[in-house]
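Only this structure's heavy atoms are used, side chains among them; waters, hydrogens and symmetry mates stay out.
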Amino acid sequence: MSDTKYNKKVKAPSTQQFIPIKEIKEGVVVMRNGSLRAVLLVSSVNFALKSDDEKNAIVSSYQSFLNSLGFPIQVYVKSRQLHLDAYVNSLEKQLSLQTNELLKLQTTQYIDFIAELLQFSNIMEKRFFLVVPFYPTGTEKVNVVKNLFSGKEGVATVDFGTQKMELLERVDHIINGLTGIGVRCAALNTEELIELYYSIYNPDISSSEKLTDISGSEAEIISGGIGPNPANPEGEENA
């Protein structure tokens, strides 16, 4: 006589159970433990082309910036393949409107060059991000991680608007500090955050499957989480 309990299929847990993000709203990533994250897209500096005096000034300014931080930050570098299909299409459109024969020939040769370049090589683009954390309860990070793995969620005693304001104060401090070094910064909005996490967790299909417009969405954009990082907000944060 067989026991029916051994015939039942075990339902696999959802992947979202292992992802520590609760939702993304108003340009802020809300973690399950109650902490918040803001993500900044930052430009790079071609340090090698600077003079010695400029290099020393940049290093000194960056050192002062790091010393001014009273909270941890995470530096995340994302490499992705650069797709130039839209660029090639725009060139072909210009070619069809071109009346000058010489310019038409040059444009045709340039399009052929780009097409051949894309066929035999992958053009990569690096993007640099800063992740800014905020813990509403003032809980030390080690306790937050401990609570996360024990299944306990942090208890936020302050409303989201106040928490967001304090997080944005940190963001403004970072933007002001890096602007003085010559680094441009921009905080990602809700749609940009979702696109970033989508590309991280779906690297194979994110380039071909674009996200739909979420501006008219009334429901929660993220429920149950999009996970760590950019790659690991709950992992080690590097200053």
Side-chain angles (χ1 to χ4, degrees), residues 27 29 37-95 102-103 105-133 167-189 191-200 203 206-207 210 228-233 235-239:
V29 182
R37 300 290 186 276
V39 181
L40 300 178
L41 174 64
V42 299
S43 66
S44 59
V45 175
N46 200 329
F47 194 74
L49 296 182
K50 303 294 183 180
S51 65
D52 290 340
D53 291 339
E54 289 175 325
K55 290 180 180 179
N56 292 332
I58 291 174
V59 171
S60 178
S61 298
Y62 186 62
Q63 182 179 8
S64 299
F65 163 71
L66 292 179
N67 291 334
S68 70
L69 296 177
F71 50 86
I73 60 175
Q74 177 187 4
V75 179
Y76 176 65
V77 183
K78 185 176 186 298
S79 298
R80 67 171 186 174
Q81 185 175 353
L82 186 61
H83 296 278
L84 299 177
D85 295 341
Y87 177 61
V88 173
N89 291 336
S90 66
L91 290 176
E92 291 176 344
K93 184 177 180 180
Q94 294 179 18
L95 176 62
L102 178 59
L103 293 179
L105 175 62
Q106 292 177 336
T107 305
T108 302
Q109 292 175 341
Y110 181 63
I111 293 175
D112 293 339
F113 168 75
I114 295 295
E116 184 177 358
L117 183 64
L118 294 176
Q119 183 179 359
F120 295 101
S121 62
N122 292 327
I123 303 177
M124 304 301 294
E125 176 191 33
K126 284 187 179 293
R127 304 179 74 186
F128 302 88
F129 300 91
L130 281 182
V131 185
V132 187
L167 175 63
L168 292 182
E169 289 179 359
R170 296 185 173 189
V171 171
D172 290 339
H173 176 77
I174 290 178
I175 291 177
N176 292 333
L178 293 180
T179 300
I181 309 176
V183 176
R184 293 167 296 164
C185 308
L188 301 187
N189 59 31
E191 188 168 359
E192 291 167 338
L193 284 170
I194 294 174
E195 184 177 358
L196 172 63
Y197 282 98
Y198 179 76
S199 64
I200 291 174
S206 60
S207 59
K210 302 299 181 182
N229 246 336
N232 189 9
E236 178 116 8
E237 287 167 347
N238 304 316

**Q** To the nearest 0.5 angstrom, please state how far the CZ atom of Arg127 sits from the OG atom of Ser44.
**A** 12.0 Å
**Q** Find the distance between CD (Glu54) and CG (Asp52) and round it off to the nearest 0.5 Å.
**A**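 Atom-to-atom, Glu54:CD and Asp52:CG are 9.5 Å apart.
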**Q** Rounded to the nearest 0.5 Å, what separation is found between the CZ atom of Phe71 and the CD1 atom of Ile174?
**A** 4.0 Å
**Q** Is the backbone of Ala57 close enough, under 3.5 Å, to the side chain of Ser60 for a donor and an acceptor to pair up by distance?
**A** no
**Q** Output all residues satisfying side-chain hydrogen bond (donor to acceptor under 3.5 Å, both in side chains) with Glu92, sequence neighbours left out; order by chain, then residue number.
**A**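 Glu92 satisfies side-chain hydrogen bond (donor to acceptor under 3.5 Å, both in side chains) with no other residue.
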**Q** Please report the shortest heavy-atom distance between Pro133 and Pro72, naming the atom on each side.
**A** CD-O, 3.0 Å
**Q** Nearest 0.5 Å, please: how far is NZ in Lys55 from CD1 in Ile58?
**A**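 Output value for this atom pair is 9.0 Å.
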**Q** Can you measure from CD (Gln106) to OG1 (Thr108) and round to the nearest 0.5 angstrom?
**A** 10.0 Å
**Q** Would you compute the distance between atom CD1 of Ile111 and atom CG of Leu95 and round it to the nearest 0.5 angstrom?
**A** 5.0 Å
**Q** Is it the case that more than 12 heavy atoms not belonging to Phe113 sit under 6.0 Å from its CZ atom?
**A** no
**Q** Going through the checks in order, is the side chain to side chain contact (heavy atoms under 4.5 Å, CB included) test met by Leu196 and Lys78?
**A** CA-CA 10 Å; Leu196 172 63; Lys78 185 176 186 298; 3.9 Å; yes
**Q** How would you list, by chain and number, every residue that makes a side-chain hydrogen bond (donor to acceptor under 3.5 Å, both in side chains) with Ser68, sequence neighbours excluded?
**A**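 Listed in chain order: His173.
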**Q** Starting from the C-alpha separation in whole Å, work towards a yes-or-no answer on side chain to side chain contact (heavy atoms under 4.5 Å, CB included) for Tyr76 and Val39.
**A** CA-CA 10 Å; Tyr76 176 65; Val39 181; over 6 Å; no
**Q** Of all heavy-atom pairs between Ser43 and Val183, which one has the smallest distance, and what is that distance?
**A**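 It is O-CG1, 3.3 Å.
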**Q** Applying side-chain hydrogen bond (donor to acceptor under 3.5 Å, both in side chains), name anything that partners Lys93, two or more places apart in sequence or on another chain.
**A** none
**Q** State, to 0.1 Å, how close Val132 and Arg170 come at their nearest heavy-atom pair, and which atoms those are.
**A** CG1-CB, 3.8 Å
**Q** Minimum heavy-atom separation for Ile175 and Thr179, please, with both atom names.
**A** O-OG1, 2.6 Å
**Q** Strictly distance-based, threshold 3.5 Å: is any side-chain N or O of Ser61 a donor or acceptor partner for the main-chain N or O of Ile181?
**A**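 Answer holds: no.
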**Q** Under the 3.5 angstrom rule, does the side chain of Glu192 hit a backbone N or O of Asn189 as a donor-acceptor pair?
**A**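 Answer holds: yes.
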**Q** Quick one: do Leu178 and Leu130 satisfy side chain to side chain contact (heavy atoms under 4.5 Å, CB included)? Show the steps, please.
**A** CA-CA 11 Å; Leu178 293 180; Leu130 281 182; 3.5 Å; yes
**Q** On a heavy-atom basis, which atom in Gly182 and which in Val45 lie closest, and how many Å separate them?
**A**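 Answer, listing the atom of Gly182 first, then Val45: O-CG2, 4.2 Å.
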